[in-house]
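Step one of this worksheet: look at the structure below.
Sequence lines set the chain letters: A, B, ... in the order given, protein chains first and strands last, and positions in each chain run from 1. This one's a predicted model, so the numbers in the text were calculated from it and none came from an experiment.
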Number of protein chains: 2
Amino acid sequence: MKKYFLHGKLQAKAGKGEQLAEILLQAAALLSDAPGCQIYLIGMDPDDPDAVWVTEVWDTKKDHDDSLRVDGVRALIGQAMPILDGPPTKGQELEILGGQGIG
Amino acid sequence: MKKYFLHGKLQAKAGKGEQLAEILLQAAALLSDAPGCQIYLIGMDPDDPDAVWVTEVWDTKKDHDDSLRVDGVRALIGQAMPILDGPPTKGQELEILGGQGIG
């Protein structure tokens, strides 16, 4: 069955990239046992220290959408918003056929 | 330790997307136990059936570069080239700080 993939950038205000990444790493830890969570990676752009990338794979899009209601995630989103340089842009969505690293 | 992330698109000639994806799924299987291979996913763009995306995470960039010499990978690359619609574009490289789904 195809899985849901989302890959998107969160742009932090100047100098806030590391702080944003820390918040997102906490979210990754919270979501690690959320239903359907296969992959939730936090990555940095070597050319832009304030650009933080989140790459996710979920069994379904619904699993992803439901994850936004996991206890503590909303609080983390609340911590992240003030240090974002503008609203998050919509990420790239793909259908994962298979490969290495997912159940 | 930060891991190496590469996310890129291979554009197939019209109508060859599925065939290309099949070849890349074989590559994923070959590479699943290559040294340092954490993630190797094959994804399709729901808006373009001939666009195949490969999302990889390796312990190091060297592990990724070495993987191109794994037995059978060159043969698969040889199968893929004729059905590509132009040379592969350079993928997006990130440094993975952590998250769910990697060792």
Side-chain angles (χ1 to χ4, degrees), chain A residues 2-10 17-49 51-59 61 63-64 67 70 90-103, chain B residues 2-10 17-49 51-59 61 63-64 67 70 90-103:
Chain A
K2 291 177 185 174
K3 298 190 187 298
Y4 177 71
F5 171 99
L6 183 62
H7 175 64
K9 180 176 77 168
L10 294 171
E18 261 182 44
Q19 184 183 342
L20 178 59
E22 279 309 315
I23 294 171
L24 292 167
L25 283 168
Q26 290 176 52
L30 266 184
L31 293 171
S32 58
D33 48 20
C37 182
Q38 296 279 340
I39 288 172
Y40 197 99
L41 300 178
I42 309 306
M44 303 293 285
D45 179 340
D47 301 324
D48 179 354
V52 185
W53 287 79
V54 182
T55 307
E56 309 173 46
V57 176
W58 295 82
D59 286 338
K61 185 176 191 308
D63 288 334
H64 162 266
S67 74
V70 165
K90 186 167 171 10
Q92 174 190 27
E93 294 177 307
L94 296 176
E95 296 169 342
I96 297 299
L97 301 183
Q100 159 66 9
I102 49 174
Chain B
K2 292 177 185 173
K3 297 190 187 297
Y4 176 73
F5 170 99
L6 182 63
H7 175 63
K9 181 176 79 168
L10 294 170
E18 258 180 50
Q19 185 183 342
L20 179 58
E22 279 308 317
I23 293 170
L24 292 167
L25 282 168
Q26 289 175 52
L30 266 184
L31 294 170
S32 59
D33 48 21
C37 182
Q38 295 279 339
I39 288 173
Y40 195 102
L41 301 177
I42 310 306
M44 303 293 286
D45 180 341
D47 301 327
D48 180 353
V52 185
W53 288 80
V54 182
T55 307
E56 309 173 47
V57 176
W58 296 83
D59 286 337
K61 185 175 190 309
D63 288 334
H64 162 266
S67 73
V70 166
K90 187 170 169 14
Q92 174 190 25
E93 294 177 308
L94 297 176
E95 297 169 340
I96 297 299
L97 301 183
Q100 158 66 7
I102 49 173

query: After noting the C-alpha distance and the side-chain angles of A/Q92 and B/H7, does the key distance pass the side chain to side chain contact (heavy atoms under 4.5 Å, CB included) rule?
result: CA-CA 11 Å; A/Q92 174 190 27; B/H7 175 63; 2.6 Å; yes
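With chain A as the partner, the residue from B/A28, B/G43, B/G99, B/G98 showing the most heavy-atom pairs under 4.5 Å is B/G98.
Summarising the geometry, atom CD1 belonging to B/I42 is positioned 11.0 Å from atom CG belonging to A/L94; distances are rounded to the nearest 0.5 Å. Taken to the nearest 0.5 Å, the CD atom of A/E22 stands 8.0 Å off from the CG atom of B/L97. Atom-to-atom distance recorded for B/L41:CG and A/F5:CZ is 7.5 Å, nearest 0.5 angstrom.
Contacts between A/Q38 and chain B at a heavy-atom distance below 4.5 Å involve the backbone alone (N, CA, C, O). The contact between B/I96 and chain A is made by backbone and side chain atoms together, counting heavy-atom distances below 4.5 Å. Contacts of A/V52 with chain B are absent, with no heavy-atom separation under 4.5 Å from either backbone or side chain.
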